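Step one of this worksheet: look at the structure below.
Everything numeric in this text was worked out from a predicted model, so none of it was measured.
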Amino acid sequence: MAHHSQNATWRERLAWLASELFIIFLAVSAAFVVENYRDHRTQLAEFHDAMSGVIAELRNTEAKTRTYSDAIFAELARWEEADRDGRRAVPGHYRIPGATHPPTAAWNSAVSSGVARMIEPKLRTDLGYYYSEFLGIHDNYDRYNQFTEREVLPRILLGPDAFYGADRKLLPQFRVYMDLQKEFATDLRQIGTSAHELRTRLEASQR
């Protein structure tokens with residue numbers, strides 16, 4: 001009888017111990033779930049904040065690329081009108097105010113922080129290609145701007161004749177210079193269109 005009572009006591013202790021271990025397991029598991037939930041919520045908040053920055057960057061590009069390309073084309077049209085009238089004129093030129101390279105801090109931050117990996121793969125690839133092109137055409141602008149500062153601005157002080165040769169024709173380097181400006185302005189408009197499309201897709205992904 002005592003042996004049976006002792007076995008029962010051991011079974012009760014084992015049952016109690018098992019129940020305690022189960023409770024501890026549940027508590028630890030719940031803590032992990034809560035922590036993972038908090039981490040997920042934090043990551044989502046960081047992601048949405050980062051994407052808000054990229055969206056603002058793209059919206060800014062949409063507006064400015066149109067403004068700058070319109071200004072460049074207007075300058076080229078000014079020279080072409082004077083040329084048609086047989087008048088000598090300073091070649092069309094336009095300098096983007098501020099830095100020669102556009103701001104890309106929001107995208108760079110999203111990439112360096114790892115947040116960009118949460119973007120849908122196709123959209124992430126398209127954004128990466130867009131920013132690569134964006135910087136590439138501004139490298140071209142940087143070279144054009146250096147020519148503006150080195151060759152165009154000093155000659156402006158001498159008057160329109162400084163841009164023409166003895167044959168009374170515009171010097172070839174300035175004809176090429178304006179052709180490159182036209183190419184850059186066209187690229188700007190295409191970049192602006194891409195920025196609009198990507199911004200729309202990114203905003204849709206945030207809903």
Closest heavy-atom pair, Met178 versus Gly92, reported as atoms and distance to 0.1 Å, is SD-N, 3.3 Å

I want to check something: taking the side chain as every heavy atom from C-beta on, are Leu202 and Ser205 in contact at a cut-off of under 4.5 Å? yes

For Ser109, the side-chain hydrogen bond (donor to acceptor under 3.5 Å, both in side chains) test, sequence neighbours excluded, returns none

Hey, are Asp85 and Arg87 close enough for a salt bridge, meaning a charged N less than 4.0 Å from a carboxylate O? yes

Set of residues satisfying side-chain hydrogen bond (donor to acceptor under 3.5 Å, both in side chains) with respect to Arg59, sequence neighbours excluded: Glu203

Count the heavy atoms belonging to other residues, nucleotides or ligands that lie under 6.0 Å from OH of Tyr164, then report whether that count exceeds 12. yes

Nearest heavy-atom approach of Arg155 to Ala162 is NH1-O, 2.6 Å

Does either side chain, that of His93 or that of Gln181, offer a donor lying less than 3.5 Å from an acceptor on the other one? no

Heavy-atom nearest pair, Ala106 first then Val54, reads CB-N, 3.7 Å

Please check if the distance between the ring centroids of Tyr144 and Phe147 is under 6.0 Å. no

Where Leu198 and Asp126 come nearest, the two heavy atoms and their spacing: CD2-CB, 3.9 Å

In terms of ring plane angle, is the pair Phe184 and His138 parallel, tilted or perpendicular, where the classes change at 30° and 60°? perpendicular

Hey, can you tell me if Tyr130 and Phe134 have their rings parallel, tilted or perpendicular (30° and 60° cut-offs)? parallel

Any chance CZ of Arg150 has more than 12 other-residue heavy atoms, nucleotides or ligands included, within less than 6.0 Å? yes

To check you understand the geometry: which heavy-atom pair defines the closest contact between Thr148 and Pro154, and what is its length? O-CD, 4.3 Å

For the residue pair Tyr141 and Ile96, what are the closest heavy atoms and their distance? OH-N, 2.7 Å

